[in-house]
Amino acid sequence: MVPARAGSEGLPHKNIRPLQGVPLIGHSIKPALACPQIEETFLNSDSNDYLEIGQSLGASIYKRPDHLGRADTTMQAVIADFIRAMRASGKELDAVLVLYPTYPFRSSQQLSSIVAHYCAQDDRDSLIGLKQPDTHPYLCAKLSAQNSVATFVDYDVDRYYRRQDYPGCYELTAWAMMVNADRIDDLNAQLLSEKTTGFVVPKNTKVVDIDTEMDFVFAEFLLERGYAGA
């Protein structure tokens, strides 16, 4: 399922903006259609225009209720509504692979890997992507109302740390996201629970999340230079 609401405030209509001649949603729809483990690919939107574009790209379409198109709507609510609607229409589904359209660089082979990892886990509620953080928590700080600085996490501040000495940690990324259709109501707004499994994004994978004009320009640059491709 590719969720794409029409009301993006940071970058208006980014979900249908052409990226190398293909609407952004198409960079998620195309590899999903080519993935043999995916039974059906849906575009989920509150916009008839978006749905028409998604359909022209080969996706099935689902129009979500208007109240699920607000900026403060959680993805958990969007997916729960989608699952209920699909089952009410007679469709059987075990799981939903959620492809946020703001991540344009995923191949059908990578989607197959995500599905295989999810299926290999026992008793799971969801799967979430994990990647190396751009900035380690040891390099982050808190700033008080009095403008004093403190470390964001506790560590030995009297020790010199090389990058290799930092303890391992991961940054959550919706580049990979899959939910158990029977457990959607057990997930929080971040689509996490105690039974969430992690999918470590392979090294050298370009994880680009488009939220600003600069992000879009960077994605275009990567495509033009051949560093990434959908």
Side-chain angles (χ1 to χ4, degrees), residues 1-64 68-69 71 73 75 78-79 81-82 85-86 91 93 95-115 118 127 129 131 173-179 191 199 201-202 204-230:
M1 184 196 75
V2 180
R5 74 183 188 93
S8 174
E9 298 173 359
L11 193 59
H13 295 296
K14 65 182 177 184
N15 288 323
I16 59 171
R17 179 170 170 176
L19 178 61
Q20 275 212 337
V22 178
L24 189 59
I25 55 175
H27 289 269
S28 292
I29 292 172
K30 289 167 62 179
L33 291 172
C35 179
Q37 286 78 19
I38 296 177
E39 184 175 332
E40 190 169 7
T41 300
F42 277 85
L43 179 70
N44 180 324
S45 181
D46 58 332
S47 165
N48 288 328
D49 291 338
Y50 282 27
L51 294 173
E52 184 176 338
I53 293 171
Q55 197 167 36
S56 72
L57 293 167
S60 300
I61 57 174
Y62 172 69
K63 187 172 185 181
R64 71 178 73 166
L68 293 179
T73 300
M75 189 53 61
V78 170
I79 299 170
D81 167 75
F82 176 75
M86 292 298 102
K91 289 185 179 293
L93 67 165
V96 179
L97 179 64
V98 184
L99 301 177
Y100 289 72
T102 54
Y103 295 88
F105 303 139
R106 285 175 297 219
S107 67
S108 58
Q109 293 81 7
Q110 289 170 327
L111 299 186
S112 291
S113 296
I114 295 169
V115 174
Y118 171 86
L127 172 150
K131 75 180 190 74
T173 172
W175 183 90
M177 176 66 71
M178 196 163 178
V179 302
L191 299 178
F199 178 86
V201 178
N204 301 321
T205 298
K206 281 295 179 185
V207 178
V208 176
D209 182 12
I210 295 177
D211 188 50
T212 66
E213 181 68 28
M214 185 64 71
D215 296 333
F216 213 101
V217 171
F218 181 53
E220 290 178 325
F221 168 81
L222 292 177
L223 286 170
E224 290 168 359
R225 295 299 181 93
Y227 293 131

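Taking a 6.0 Å sphere around CD of Glu52, one finds it holds 12 or fewer heavy atoms contributed by other residues, nucleotides or ligands. Around NZ of Lys206, the count of heavy atoms belonging to other residues, nucleotides or ligands within 6.0 Å does not exceed 12.
Residues Tyr62 and Asp81 meet the side-chain proximity criterion, which asks for heavy atoms closer than 4.5 Å. At a threshold of 4.5 Å between non-hydrogen side-chain atoms, the residues Lys63 and Ser45 do not count as touching. A heavy-atom distance below 4.5 Å is found between the side chains of Ser112 and Cys35. Contact check for Phe105 versus Leu223: side-chain heavy atoms found under the 4.5 Å cut-off. Val98 places none of its side-chain heavy atoms less than 4.5 Å from the side chain of Val2. By the 4.5 Å heavy-atom criterion applied to side chains, Val78 and Asn44 are counted as neighbours. At least one side-chain heavy atom of Leu191 sits under 4.5 Å from a side-chain heavy atom of Met177. Residues Phe216 and Arg17 are in side-chain contact: their nearest non-hydrogen atoms beyond the backbone lie under 4.5 Å apart.
Between atom CH2 of residue Trp175 and atom OG1 of residue Thr205 there is a gap of 5.0 Å, rounded to the nearest 0.5 Å. Here the CG-CD1 distance, from Leu43 to Ile61, works out to 8.0 Å after rounding to the nearest 0.5 Å. In this structure, CG in Leu68 is found 11.5 Å from CD1 in Ile79, a value given to the nearest 0.5 Å. Note: Ile16 CD1 to Tyr50 OH = 4.5 Å, rounded to the nearest 0.5 Å. The CG atom of Leu33 sits 10.5 Å away from the OG atom of Ser108 when rounded to the nearest 0.5 Å. Taken from CG in Leu19 to CG in Leu222, the straight-line distance is 9.5 Å, to the nearest 0.5 Å.
Between Ala6 and Asp46, the shortest heavy-atom distance links the atoms N-OD1, 3.0 Å. When all heavy atoms of Pro101 and Ile25 are compared, the pair lying nearest together is CB-CG2, 4.0 Å. For Ala176 against Ile114, the heavy-atom pair with the smallest separation is CB-CD1, 3.7 Å. Of all heavy-atom pairs between Pro3 and Leu99, the closest is CD-O, 3.3 Å.
A donor-acceptor contact closer than 3.5 angstrom is absent between the side chains of Tyr103 and His27. Side-chain polar atoms of Ser28 and Arg106 form a donor-acceptor pair below 3.5 angstrom.
When Lys91, Glu40, Gln55 are each tested for a side chain to side chain donor-acceptor pair (under 3.5 Å) with Ser60, only one passes: Glu40. A side-chain contact (heavy atoms from CB on, under 4.5 Å) with Leu11 holds for exactly one of Ile210, Thr102, Leu24; it is Ile210.
Of the charged side-chain nitrogens involved, none lies within less than 4.0 Å of a carboxylate oxygen, so that Lys14 and Asp215 do not count as a salt-bridged pair.
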Pair Met86-Phe42, side chain to side chain contact (heavy atoms under 4.5 Å, CB included): steps then yes or no:
CA-CA 11 Å; Met86 292 298 102; Phe42 277 85; 3.6 Å; yes
